[in-house]
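Only one structure is covered here, and it is reproduced in the block below.
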Amino acid sequence: MNPVEQRFNAVGTRIDEACSAAARERAKVRLLAVSKQHSAEAIRALHALGQVAFGENRAQEAIGKMAALSELPIEWHFIGPIQSNKTRDIARHFDWVQSVDRAKILRKLDAYRPDGLAPLQLCLQVNIDQEPQKAGINPEQLAELAALAQSLERVRLRGLMCIPTAGADAQATATSFQRMVALQEMLKEQGHCLDTLSMGMSGDLELAVMEGSTMVRVGTDLFGPRPPRTQAGTQL
Ligand SMILES: *Cc1c(COP(=O)(O)O)cnc(C)c1O
């Protein structure tokens with residue numbers, strides 16, 4: 001087995017075991033392969049093993065890889081901070097956007113989504129630990145943003161995404177994940193039809209699955225350490 005296959009199988013086994021430990025159906029947890037800073041060829045190798053969903057956090061870098069891999073039926077997720085001047089590119093090229101955290105960006109993604117494409121699948125990013133510098137909407141403002149998403153034609157709200165405080169202990173992280181579950185339940189009670197809780201990364205995917213994640217976003221443990229970005233920010 002080559003290293004790519006070994007890592008892919010190891011992550012798959014971790015998800016299998018986390019589902020067993022949590023008595024959850026394996027089919028209810030998807031794997032998003034976070035390919036930021038990795039090459040189109042690295043994506044191709046993982047796709048050949050059966051991985052379908054890939055996550056990127058910079059529009060230009062991702063669009064270059066999409067062009068190189070255009071013949072592959074990949075599901076592309078945008079998971080990075082969204083600048084207003086990138087909304088057009090993101091709305092045209094991605095299948096999902098998981099990092100929506102304000103009304104202006106939401107309206108632009110809707111306006112720029114081409115008519116011929118399926119609605120853009122959305123998660124709202126929640127700043128679950130209310131960290132000052134962190135992206136994500138505050139929990140108190142979530143209901144209003146969700147209602148706006150619901151009212152727009154070219155986007156479809158699927159759920160929530162979070163990145164808890166880096167380096168927090170397992171108990172604190174578990175509590176953050178539990179608050180996400182509660183927010184998702186609140187939105188469901190308000191009539192939203194949601195099926196996606198995107199939480200858990202290389203270091204805490206077991207904990208996230210235990211608390212109810214339906215999508216774990218794994219970079220390092222699938223691709224190895226990230227190489228530095230090139231000057232142009234583009235790696236092919
Ligand atoms: C980079 C990134 C990940 C993956 O992190 P790893 O620790 O490498 O698995 C997950 N989610 C988001 C939003 C990221 O930017």
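Every number for a ligand or one of its atoms is a count from 1 in the order of the listing.
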A quick test of your reading: do over 12 heavy atoms of other residues, nucleotides or ligands sit less than 6.0 Å from CD of E140? yes
Is [X] salt-bridged to [Y], going by a charged N under 4.0 Å from an acidic O?
X    : Y    : value
D221 : R7   : no
R179 : D129 : yes
E71  : R44  : yes
E61  : R58  : no

**Request:** Find the distance between SG (C162) and CD (Q184) and round it off to the nearest 0.5 Å.
**Result:**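 Between C162 SG and Q184 CD, I get 10.5 Å after rounding to 0.5 Å.
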Should you measure from each heavy atom of [X], which atoms of ligand 1 turn up under 4.0 Å away?
X    : answer
I79  : 12 (C), 13 (C), 14 (C)
V218 : 9 (O)
R226 : 1 (C), 8 (O)
K36  : 1 (C), 2 (C), 3 (C), 14 (C), 15 (O)

Could you tell me the residue and atom name of the protein heavy atom closest to [atom], and the distance to it rounded to 0.1 Å?
atom                    : value
atom 8 (O) of ligand 1  : T220 OG1, 2.5 Å
atom 10 (C) of ligand 1 : M201 SD, 3.2 Å
atom 11 (N) of ligand 1 : R217 NE, 2.9 Å

F78: which residues meet the ring pair (Phe, Tyr, Trp, His ring centres under 6.0 Å) condition with it, sequence neighbours left out?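 If we apply the ring pair (Phe, Tyr, Trp, His ring centres under 6.0 Å) test to F78, skipping adjacent residues, the hits are F94.
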Restricting to heavy atoms, the pick from P225, S202, G80 nearest atom 6 (P) of ligand 1 would be S202
Nearest to atom 13 (C) of ligand 1 by heavy atom, I163, V34, V11, V216: which?
->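 Considering heavy atoms of I163, V34, V11, V216, the nearest to atom 13 (C) of ligand 1 sits in I163.
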Exercise for review: Decide whether the shortest distance between a heavy atom of Q98 and an atom of ligand 1 is less than 4.0 Å.
Suggested key: no
Are any of the N/O atoms in N57 less than 3.5 Å from those in ligand 1?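 No, since none of the N or O atoms of N57 sits under 3.5 Å from an N or O of ligand 1.
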Counting heavy atoms under 4.0 Å, the part of L222 that contacts ligand 1 is neither
Applying a strict under-4.5 Å side-chain criterion to I, L, V, M, F, W and Y, I'd like to know whether I43 and L32 cluster together.
no
